[in-house]
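Written out below as structure tokens is the structure these notes cover.
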Amino acid sequence: MMPSFPNISTSKDQQDGRKLANGDCKNQQVLARRQLILQHRKSLPIASVERRLVEEVRKNDTLIIVGETGSGKTTQLPQFLYNAGFCRDEKIIGVTQPRRVAAVTVAKRVAEECNVELGQKVGYSIRFEDATSSSTRIKYMTDGLLLREALLDPLLSRYSIIIVDEAHERTVHTDVLLGLLKKVQLARSHPTTNQHNFIKANAKGREDESRSFSPLKASESAKSTSLKLIIMSASLDARCFSEYFGGAKAVHVHGRQYPVEVLYTYQPEPDYLDATLITIFQIHLEEASGDILAFLTGQEEIESVERLVHDRIRQLPDGSQNLLTVPIYASLPSEQQMNAFKPAPSGFRKVILATNIAETSVTIPGIKYVIDPGLVKARSYNPVTGMESLIIIPTSKAQALQRSGRAGREGPGKCFRLYPESEFSKLTDSTVPEIKRCNLSNVVLQLKALGIDDIIGFDFMEKPSRMAIVKSLEQLFLLGALSDDYKLSSPVGQQMARLPLDPMYSKALILAKEFKCLEEMLIVVAMLSVESIFYFPREKMEEARAARKSFSSPEGDHITLVNVYRASAECLEKSKTTNSKEKTMEKKLNKWCRENFINYRSLRHARDIHSQIEGHIRQMGFSPSSCGDDMLQFRRCLTASFFLNAAMKQPDGSYRALSSSQTVQVHPSSVLFRTKADCIIFNELVRTNQNYVRNVTRVDPLWLPELAPQYYAADS
DNA sequence: GCGTACTTT
């Protein structure tokens with residue numbers, strides 16, 4: 001949970017600060033601020049149980065902490081443990097978060113509370129950003145990053161304590177991490193027996209080459225200390241964590257939440273959008289002042305409800321028209337997201353129309369009323385077909401509680417659940433963990449790289465289906481990441497595991513070296529690794545289409561992506577020669593993106609990934625070379641890499657995906673939508689109204705048996 | 001003739 005910060009720096013304070021430039025006054029202000037921070041810390045619910053908590057951590061190797069919203073656990077516990085001496089011998093307290101922003105904001109706050117510079121005693125580390133140093137003792141990070149760290153140091157020997165925060169969210173990374181930590185803890189608590197086994201397991205997986213890992217070195221330094229684990233979770237499901245960790249002790253820390261009155265409908269609502277609309281106006285016309293937060297499932301719903309609200313406002317009498325709508329969802333540009341945080345003009349009530357971004361990722365102040373239709377759009381994955389889809393499903397009880405809690409941050413609130421109370425009791429307790437709803441290739445590859453060979457027997461907190469695991473093993477085998485005995489292969493499997501990419505993309509890079517098109521492939525995998533690069537605003541559809549046409553290649557979407565990337569790089573190069581300030585360059589790029597209907601955030605992300613991966617492959621001894629105009633080489637390389645995603649045209653103009661025999665269509669956004677090439681490879685298969693393949697390139701069907709003989713028998 | 005919640009290495 002994000003900590004709630006005291007309002008200690010008002011704009012008025014800052015004005016006073018400017019007026020009094022006198023040093024003494026500044027000192028006094030600093031002192032006053034420190035005093036306020038101290039007061040705030042003392043007032044947190046967790047402060048009163050500091051001694052007991054430290055004692056429990058001393059006594060127990062694993063501790064479950066059930067901390068309610070606003071308890072202060074995320075910011076305070078690491079400080080308590082630091083003060084209790086858990087960082088002796090240069091050891092580190094690691095705190096993992098599922099999200100990047102949380103890791104950064106919490107670290108900044110704790111550094112301030114400790115009165116140290118960020119990156120010294122207190123720091124954070126997330127992908128693309130490392131604010132730590134050799135003196136860092138309290139380190140906040142994303143759980144995915146700690147998993148990556150484990151590849152280099154399987155015993156996580158620098159850490160004396162690892163705190164897994166927000167464990168109830170059960171992201172793939174959290175689940176894999178918990179399984180790994182359990183193993184590491186065992187290895188470190190019995191250095192002579194279990195540790196030996198664990199190290200042996202590690203060594204086995206890397207018989208042929210050991211350059212990238214150094215488990216033996218790690219074991220020596222870890223010999224003296226055991227690893228303390230602290231799992232922090234929201235209330236509902238402490239028992240499952242405790243059971244998983246051999247009956248680990250669970251302690252409860254109260255939060256600071258105001259009461260929220262929950263109201264249900266008498267009957268199920270057949271049209272939840274209409275019900276949402278009615279409830280918005282019921283609150284607006286009948287309830288006391290305070291902002292409204294309504295949870296909807298996606299952008300389209302948000303836009304349509306927004307239009308409906310505006311229509312109805314116009315029908316209200318003049319005195320009641322003081323209602324303002326603000327949308328917020330992840331793909332909304334950040335400047336527009338910020339509108340949700342601005343207070344409504346005086347006399348106005350704000351209604352925020354949000355996806356579940358407002359459930360955990362952002363906390364909007366001033367919410368007094370929550371409207372919860374009880375639905376969420378969720379990813380689902382079918383291991384048999386390899387198909388992902390987004391479906392609208394009922395929320396879990398935990399999600400419903402999380403949503404209603406948003407009404408009680410600053411005072412008592414109300415939550416309107418748009419379904420009968422009898423329906424609530426039918427909801428599942430918690431959301432199905434992500435690990436049971438996603439493609440496992442990356443998870444399996446990482447576990448193999450950690451020396452864990454028996455994936456089916458691995459002690460997951462909740463096991464994914466056997467089918468899903470077998471499918472991933474098969475896929476990794478076909479990609480050459482696993483040898484005949486299903487161990488990590490050398491060097492291909494090891495190289496693939498080192499790259500933070502989808503395994504298929506990693507393989508494409510390794511092959512691109514041989515096909516001499518590494519420069520192009522590096523761009524493609526970076527561009528494919530981010531959310532959609534193209535931006536299509538409804539109002540400017542034609543302009544957007546024209547902009548996109550200027551990049552398009554007749555060969556397909558992959559080369560089109562290369563063209564976009566190179567054009568953006570050219571734009572940056574040009575602004576570099578005229579003005580070298582980074583900020584102006586970014587502004588230029590932003591402007592270029594707007595002109596060309598490119599999503600700036602996605603492109604930035606792709607550039608970051610590009611430079612990180614380039615670093616990795618250079619370290620691996622590859623040097624990016626371009627195939628120039630020889631796009632044949634590049635398309636052959638795409639075929640050799642993505643052969644599992646090939647499709648053949650059928651007489652009726654639809655396609656048949658060769659690996660799953662499904663009938664698919666080329667997505668209308670593809671540059672090959674009209675071309676109807678005989679044979680294509682694609683990167684994504686999604687189901688909406690139909691089965692669509694996206695990111696498509698035209699290839700020669702004869703290349704399949706030639707370049708992927710392990711999959712396509714020569715006669716097919 | 002699309003139109004996709006949220007994360008992350």
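To find a chain, count down the sequence lines: A is the first, B the second, and so on, and within it residues start at 1.
Phosphate contact (OP1/OP2 of dC6(B), side-chain N/O of Ser361(A), threshold under 4.0 Å): absent. OP1 or OP2 of dT9(B) lies within a sub-4.0 Å distance of a side-chain N or O belonging to Arg100(A). When the side-chain nitrogen and oxygen atoms of Thr142(A) are compared with OP1 and OP2 of dT9(B), one or more of them lie within a distance under 4.0 Å. Regarding contacts with the backbone of dT9(B), every side-chain N or O of His616(A) stays at 4.0 angstrom or more from both OP1 and OP2.
When the P atom of dT7(B) is taken as reference, atom CD1 of Ile609(A) falls 15 Å away, rounded to whole Å. Atom P of nucleotide dG3(B) and atom NE2 of His667(A) are separated by 4 Å, given to the nearest angstrom. Atom P of nucleotide dT9(B) and atom CG of Leu445(A) are separated by 17 Å, given to the nearest angstrom. Rounding to whole angstrom units, CD of residue Glu129(A) and C1' of dT8(B) are separated by 14 Å. One interatomic measurement links the two molecules: CD of Glu434(A) to P of dT8(B), which rounds to 11 Å at whole-angstrom precision. Nucleotide dC6(B) holds its C1' atom 15 Å from the CG atom of Leu296(A), rounded to whole Å. Atom P of nucleotide dC6(B) and atom NZ of Lys377(A) are separated by 9 Å, given to the nearest angstrom. Atom-to-atom, CG of Leu177(A) to P of dT8(B) comes out at 15 Å; the value is rounded to the nearest Å.
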Test Arg409(A) against Thr69(A) for side chain to side chain donor-acceptor pair (under 3.5 Å), laying out the working first. CA-CA 9 Å; Arg409(A) 306 275 304 183; Thr69(A) 306; 4.7 Å; no
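Within 4.0 Å (heavy atoms only), Arg437(A) reaches no atom of the nucleic acid at all. Across all strands shown, Arg127(A) has heavy atoms under 4.0 Å from base atoms, whether or not it also approaches the sugar-phosphate. Among the heavy atoms of the strands lying under 4.0 Å from Gln299(A) are primed sugar atoms or P, OP1, OP2 only; no base atom is included. Within the 4.0 angstrom heavy-atom criterion, no nucleotide atom of any strand lies near Val172(A). The residue Arg545(A) sits close to a base: some heavy atom pair falls under 4.0 Å.
Counting only N and O atoms by type, the side chains of Thr431(A) and Ser396(A) include a donor and acceptor under 3.5 Å apart.
The aromatic rings of Phe642(A) and Tyr505(A) sit perpendicular to each other, their planes meeting at more than 60°, with 30° as the lower class boundary.
With dT7(B), dC2(B), dT8(B) as the choices, the nucleotide that has an atom nearest any side-chain atom of Tyr692(A) turns out to be dC2(B). Counting only heavy atoms from C-beta on, Arg99(A) has its side chain closest to dT8(B) among dT8(B), dG3(B), dA5(B). Here dG1(B) is the nucleotide among dG1(B), dC6(B), dT9(B) with the atom lying nearest to any side-chain atom of Pro668(A). Among the nucleotides dT7(B), dA5(B), dG1(B), the one closest to the side chain of Leu390(A) is dA5(B). Between dC2(B), dT9(B), dT7(B), one nucleotide has an atom nearer to the side chain of Ile126(A) than all others, and that is dT9(B). Checking dC2(B), dT9(B), dA5(B) against the side-chain heavy atoms of Leu145(A) singles out dT9(B) as nearest.
With sequence neighbours left out, Arg698(A) forms a salt bridge (Lys or Arg N to Asp or Glu O under 4.0 Å) with Glu555(A).
Mapped onto DNA chain B by nearest heavy atom, Ser529(A) and Val376(A) fall at different nucleotides, with Val376(A) at the one closer to the 5' end. Along DNA chain B, the nucleotide nearest Phe128(A) and the nucleotide nearest Asn356(A) are compared for position; the residue whose nucleotide lies closer to the 5' end is Asn356(A).
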Table please: side-chain donor-acceptor pairs of residues 524-534 of chain A below 3.5 Å, with sequence neighbours left out.
from	atom 1	to	atom 2	distance (Å)
Ser529(A)	OG	Val525(A)	O	2.6
Ser532(A)	OG	Phe534(A)	N	3.4
Ser532(A)	OG	Phe534(A)	O	3.1

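Arg601(A) contributes a side-chain N or O that, together with a main-chain N or O of Leu332(A), makes up a donor-acceptor pair within less than 3.5 Å.
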